[in-house]
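Counting starts at 1 for both ligands and their atoms, in listed order. Values below: all heavy atoms of this structure, side chains included; hydrogens, waters and symmetry mates excluded.
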Amino acid sequence: MHHERINRLARICGARRYLEVGVFHGHTFFNVDVDFKVAVDPTFQFDPAAHQNDRTRFHPVGSDDFFRSARYEPFDLIYLDGLHTFEQTLRDFLNSLAFAHDRTVWLFDDTVPNDNFSALPDQERCYRLRRELGNGDWAWMGDVFKVVYFIRSMMKFYHFRTFGGHGQTVVWRDPKQYDERAATPLAGIGEMPYEDFVETYVATMNFAEDEQIYATLERYAAGA
Ligand SMILES: C[S@@+](CC[C@H](N)C(=O)[O-])C[C@H]1O[C@@H](n2cnc3c(N)ncnc32)[C@H](O)[C@@H]1O
């Protein structure tokens, strides 16, 4: 369950302030054990007013509107699980930098699409094409994976590891380490077809076992 992973990350980085973009029914959000939590979703699948209190805030707007008008102290842990397109998720990440501090940790959902349909940025098109082929798979990750390529190529002081499955990528900043690995040209990232992802993702995504990722973050949190 996603909340178990997020609670583990929260404990490791001593998180006291949590932001979740894309909340849906709140299955993750309500189970995250952090002192102060902020939820953003244009269409919450519950009545946010029934849950609002001093420690829990709800913003029933899209992420762009939220970041435009939000007034919050920096968050320690940010979960980006809103609209699963490259452009929106990248903008959410870059906007969230204004609500982050030096040790903020991010988690991105669905960074590993399972086929070419799931990697399309248009969710309806993904489902329509599958229906036409009699394919009953409902997985849709969109092209969030390109954000990982962007970070790797353009944000050399930001580091990441990816949990397996549909892929969740944890990101943190370390100005003491510059990522020397080869960059993907910016134009190539935006236009990257699924086939190129298949050929490059193992070498790109920094997959690791869950416990290895937690150990890496523990060393980071300890200042190592
Ligand atoms: C995959 S669901 C989130 C699931 C939730 N994080 C969880 O773990 O249970 C994606 C959510 O993103 C929301 N969403 C879509 N566009 C958004 C946007 N621009 N800003 C914020 N949320 C958005 C949708 O309304 C939907 O509820």
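- For His84, no nitrogen or oxygen atom sits less than 3.5 Å from a nitrogen or oxygen atom of ligand 1, counting backbone and side chain alike.
- Under a 4.0 Å heavy-atom criterion, Phe66 is not in contact with ligand 1.
- The distance criterion of under 3.5 Å between nitrogen or oxygen atoms is met by Phe24 with respect to ligand 1.
- For an aromatic pair to be called close, the ring centres must be under 6.0 Å apart, and Tyr178 with Phe157 satisfies this.
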Item to complete: Under the ring-ring contact (aromatic ring centres under 6.0 Å, His included) rule, what do Tyr201 and Tyr194 come out as? Steps first, then yes or no, please.
Response: CA-CA 10 Å; Tyr201 80 105; Tyr194 179 71; 8.4 Å; no
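- Under a cutoff of 6.0 Å and an axis angle of 45°, Arg17 and Tyr72 do not form a cation-pi pair.
- At a 4.0 Å heavy-atom cut-off, ligand 1 does not touch Phe44 at all.
- Which parts of ligand 1 touch Glu20 is read off a 4.0 Å heavy-atom cut-off, strictly below it: atoms 5 (C), 6 (N).
- Protein heavy atom in closest approach to atom 15 (C) of ligand 1: Leu83 N, 3.9 Å.
- Aromatic rings from Phe29 and Tyr79 are positioned such that their centres are separated by 6.0 Å or more.
- The atoms of ligand 1 that sit less than 4.0 Å from any heavy atom of Ser63 are 18 (C), 19 (N), 20 (N), 21 (C).
- Of the protein's heavy atoms, Asp41 OD2, 2.6 Å lies nearest to atom 27 (O) of ligand 1.
- The structure places CD of Glu218 at 10.0 Å from CG of Leu9, a figure rounded to the nearest 0.5 Å.
- Between Phe44 and Phe58, the ring centre distance stays below 6.0 Å.
- The residue His3 has no part lying near ligand 1, judged by heavy-atom distances below 4.0 Å.
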Worksheet entry | Intermediate values then yes/no, salt bridge (Lys or Arg N to Asp or Glu O under 4.0 Å), Asp76 and Arg16 | CA-CA 7 Å; Asp76 304 308; Arg16 300 172 62 91; over 6 Å; no
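- Nearest residue to atom 1 (C) of ligand 1 from Val32, Asp81, Thr28, Ile6 is Asp81 (criterion: closest heavy atom).
- Arg103 forms a cation-pi arrangement with Tyr220, by the criterion of a distance under 6.0 Å to the ring centre and an angle within 45° of the ring axis.
- Comparing Pro60, Gly26, Pro42, Ala39 against atom 21 (C) of ligand 1, the shortest heavy-atom distance belongs to Pro42.
- Here is the list of ligand 1 atoms found below 4.0 Å of a heavy atom in Thr43: 25 (O).
- The distance between the ring centers of Phe30 and Phe46 falls below 6.0 angstrom.
- Contacts between Val23 and ligand 1, counted as non-hydrogen atom pairs separated by less than 4.0 Å, involve the backbone only.
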